> 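Structure provided below as structure tokens; questions to follow.
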Amino acid sequence: MTDATQQIGTGDAEFGDYVALLKPRVMSLVVFTAAVGVFVAPVAVHPFIAFVAILFIALGGGASGALNMWYDHDIDTVMRRTAKRPIPSGRVQPGEALSLGLWLSFISVTMLGLAANWVAAGILAFTIFFYAVVYTMWLKRWTPQNIVIGGAAGAFPPMIGWAVATGGVSVESILMFTLIFMWTPPHFWALALFMNEDYSKAGVPMLTVTHGRRETRKQILIYTALLAPLAIGTAFTSIGGWIYLSVALYLNAKFLLGAWKLWQRDEDMAEADQYRAEKKYFRQSLSYLFLHFGALLLQAIWVKAGMEAWF
């Protein structure tokens with residue numbers, strides 16, 4: 001750890017390193033779910049305002065990522081999954097990440113308020129604070145419930161998108177928030193199962209470290225079972241319909257079956273087989289969320305195009 005830490009701040013940063021600080025993969029999910037929130041809302045938004053709003057929501061998500069990487073660079077150095085990030089690899093100084101995160105936070109919140117409304121900007125500001133301070137600085141290092149409570153940070157984007165269109169919060173935006181919130185624990189616990197050694201070395205009290213792999217698989221099954229009726233029930237709200245219902249029924253049956261198989265897995269299974277099973281469920285969790293929001297988007301397109309009258 002000492003040698004790697006001493007590399008911090010050696011410079012040689014390229015533009016791509018600063019982009020990496022923004023966690024572009026996470027940002028892509030933020031952009032997509034926020035865009036769905038804007039589009040499924042009952043109030044039409046001018047395409048230019050929608051584009052600008054989603055851009056600043058994305059920058060706010062990137063600001064959160066930069067602040068997270070600044071604060072977590074010590075444990076990122078220890079973990080194999082994160083050791084090549086810009087700060088632990090020595091290409092970017094921690095202070096640069098902090099400055100970038102703070103400036104992007106200010107710019108994204110201010111410009112979203114001016115471009116859309118201050119309700120959406122306020123939720124974005126709270127999201128950045130929650131991820132950078134509540135989750136990164138507190139929950140992540142102090143409790144195995146880190147990802148359960150901290151999952152709220154990733155669940156706000158569709159609520160922000162909805163607020164861009166409507167100027168407020170509603171049952172539908174809360175349901176989209178809750179869908180992501182309840183999906184986050186099984187998603188990240190599946191990742192923790194096959195990356196457990198990393199979290200253990202870094203001293204992060206992930207559930208796999210504090211309660212063991214079997215209890216983690218049990219909690220994945222419980223949360224998946226709680227998630228399914230919520231996801232399916234969204235079909236019977238104003239943003240749902242037969243397209244979304246069809247997709248949700250299939251995805252949740254498949255997700256529940258995957259969680260059940262993970263729970264029933266033989267403890268004496270070879271380590272390589274365990275890794276494959278856990279990674280398979282993790283990948284399934286990625287497509288689960290994307291396809292649910294994709295179905296909401298298709299449902300909204302169907303309704304707004306007037307095609308629901310055909311049935």
Side-chain angles (χ1 to χ4, degrees), residues 5 7-35 37-38 45 48-77 82-141 150-164 167 180:
T5 305
Q7 293 178 0
I8 293 175
T10 57
D12 300 326
E14 298 179 355
F15 177 74
D17 296 317
Y18 294 105
V19 173
L21 286 174
L22 309 184
K23 295 190 174 182
R25 288 184 181 179
V26 176
M27 190 190 293
S28 64
L29 185 61
V30 168
V31 169
F32 181 61
T33 57
V38 173
V45 180
F48 179 74
I49 294 177
F51 171 78
V52 170
I54 293 167
L55 173 63
F56 289 122
I57 294 170
L59 285 180
S64 300
L67 293 171
N68 172 268
M69 286 206 191
W70 159 69
Y71 192 80
D72 274 354
H73 70 264
D74 57 336
I75 60 176
D76 282 350
T77 302
T82 56
K84 293 183 180 180
R85 285 177 172 176
I87 300 177
S89 64
R91 300 190 303 276
V92 174
Q93 297 181 20
E96 292 179 298
L98 175 61
S99 296
L100 180 64
L102 291 175
W103 274 110
L104 286 181
S105 297
F106 174 76
I107 292 169
S108 61
V109 171
T110 302
M111 294 306 296
L112 182 62
L114 294 172
N117 59 72
W118 293 104
V119 173
I123 302 174
L124 177 60
F126 181 74
T127 302
I128 296 170
F129 171 80
F130 194 93
Y131 185 74
V133 178
V134 178
Y135 170 68
T136 301
M137 298 183 184
W138 175 40
L139 294 171
K140 184 173 183 177
R141 303 189 188 215
F156 281 113
M159 184 178 281
I160 301 171
W162 183 278
V164 165
I180 301 176

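Just so you know, these numbers come straight off a predicted model, no measurement behind them.
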> Output the distance between atom NZ (Lys23) and atom CG (Asn68), rounded to the nearest 0.5 Å.
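If we round to the nearest 0.5 Å, Lys23:NZ and Asn68:CG are 3.5 Å apart.
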> Please report the shortest heavy-atom distance between Ile128 and Gly60, naming the atom on each side.
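Closest heavy-atom pair between Ile128 and Gly60: CG1-O, 3.6 Å.
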> Indicate yes or no for a side-chain donor-acceptor contact from Ser28 to the backbone of Arg25 under 3.5 Å, with no hydrogens or angles considered.
yes
> Might you point out which heavy atoms bring Ile49 and Ala115 nearest each other, and give the distance in Å?
CG2-O, 3.7 Å
> For residues Phe130 and Tyr135, establish whether the separation of their ring centroids is below 6.0 Å.
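Centroid distance Phe130-Tyr135: not below 6.0 Å, so no.
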> Please report the interatomic distance CE(Met159) to CD1(Ile180), rounded to the nearest 0.5 Å.
9.5 Å
> Once you round to the nearest 0.5 Å, how far does OG1 of Thr77 lie from CD1 of Ile87?
9.0 Å
> Between the side chain of Asp17 and the main-chain N/O of Val92, is any donor-acceptor distance below 3.5 Å?
no
> Going by side-chain contact (heavy atoms from CB on, under 4.5 Å), Leu112 matches just one of Leu59, Asn117, Ile57. Which one?
Ile57
> Please check: side-chain N/O of Thr33 versus main-chain N/O of Pro157, any donor-acceptor pairing under 3.5 Å?
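Checking the backbone N and O of Pro157 against the side chain of Thr33, no donor-acceptor pair under 3.5 Å is found.
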> Is a side-chain donor or acceptor of Ser89 paired with a backbone partner of Pro86 at a separation under 3.5 angstrom?
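Pair found, side chain donor or acceptor close to backbone of Pro86.
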> For the residue pair Val164 and Ala116, what are the closest heavy atoms and their distance?
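Nearest pair, atom of Val164 first, then Ala116: CG1-CB, 3.9 Å.
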> Give a yes or no answer on whether the side chain of Ser108 reaches the backbone of Ser105 with a donor-acceptor pair at less than 3.5 Å.
yes
> For the pair Asp72 and Arg85, find out whether any cationic side-chain nitrogen is under 4.0 Å from an anionic carboxylate oxygen.
no
> Please find the pair of heavy atoms, one from Ala66 and one from Ala97, that lie closest to each other, and give the distance.
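Nearest heavy atoms, Ala66 then Ala97: CB-O, 3.8 Å.
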> Quick check on ring-ring contact (aromatic ring centres under 6.0 Å, His included): which of Phe129, Tyr131, Phe126 does Phe156 satisfy it with?
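Only match with Phe156 under ring-ring contact (aromatic ring centres under 6.0 Å, His included): Phe126.
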> Measure the CZ-CZ distance between Phe51 and Phe56 for me, rounded to the nearest 0.5 Å.
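Reported value, rounded in 0.5 Å steps: 9.5 Å.
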> With rounding to the nearest 0.5 angstrom, report the CD to CH2 distance, Glu96 to Trp70.
14.5 Å
> Decide yes or no on salt bridge (charged side-chain N to carboxylate O under 4.0 Å, His left out) for Arg141 and Asp74, but give the supporting numbers first.
CA-CA 12 Å; Arg141 303 189 188 215; Asp74 57 336; 2.9 Å; yes
> Would you check if Ile75 and Lys140 make a side-chain contact, meaning some heavy-atom pair closer than 4.5 Å?
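Of all side-chain heavy-atom pairs linking Lys140 with Ile75, at least one is under 4.5 Å.
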> Taking side chain to side chain contact (heavy atoms under 4.5 Å, CB included) as the test, write out the residues that go with Ala58, two or more places apart.
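If we apply the side chain to side chain contact (heavy atoms under 4.5 Å, CB included) test to Ala58, skipping adjacent residues, the hits are Met27, Val31.
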> Output, in order, the C-alpha distance, side-chain angles, deciding distance and verdict of side-chain contact (heavy atoms from CB on, under 4.5 Å) for Leu67 and Leu98.
CA-CA 6 Å; Leu67 293 171; Leu98 175 61; 3.8 Å; yes
> Just how far is it from atom CZ of Phe32 to atom CD1 of Ile54, taken to the nearest 0.5 Å?
11.0 Å
> Using the side-chain contact (heavy atoms from CB on, under 4.5 Å) rule, take Leu104 and Leu22 through it: C-alpha gap first, then chi angles, then the decisive distance, then the call.
CA-CA 10 Å; Leu104 286 181; Leu22 309 184; 3.6 Å; yes
> Determine, step by step, whether Thr110 and Phe106 satisfy the side-chain contact (heavy atoms from CB on, under 4.5 Å) criterion, reporting the C-alpha distance in whole Å, the side-chain angles of both residues, the deciding distance to 0.1 Å, and the verdict.
CA-CA 6 Å; Thr110 302; Phe106 174 76; 3.7 Å; yes
> Could you report the tightest heavy-atom contact between Ala163 and Val119, atom names first, then the distance?
CB-CG1, 4.2 Å
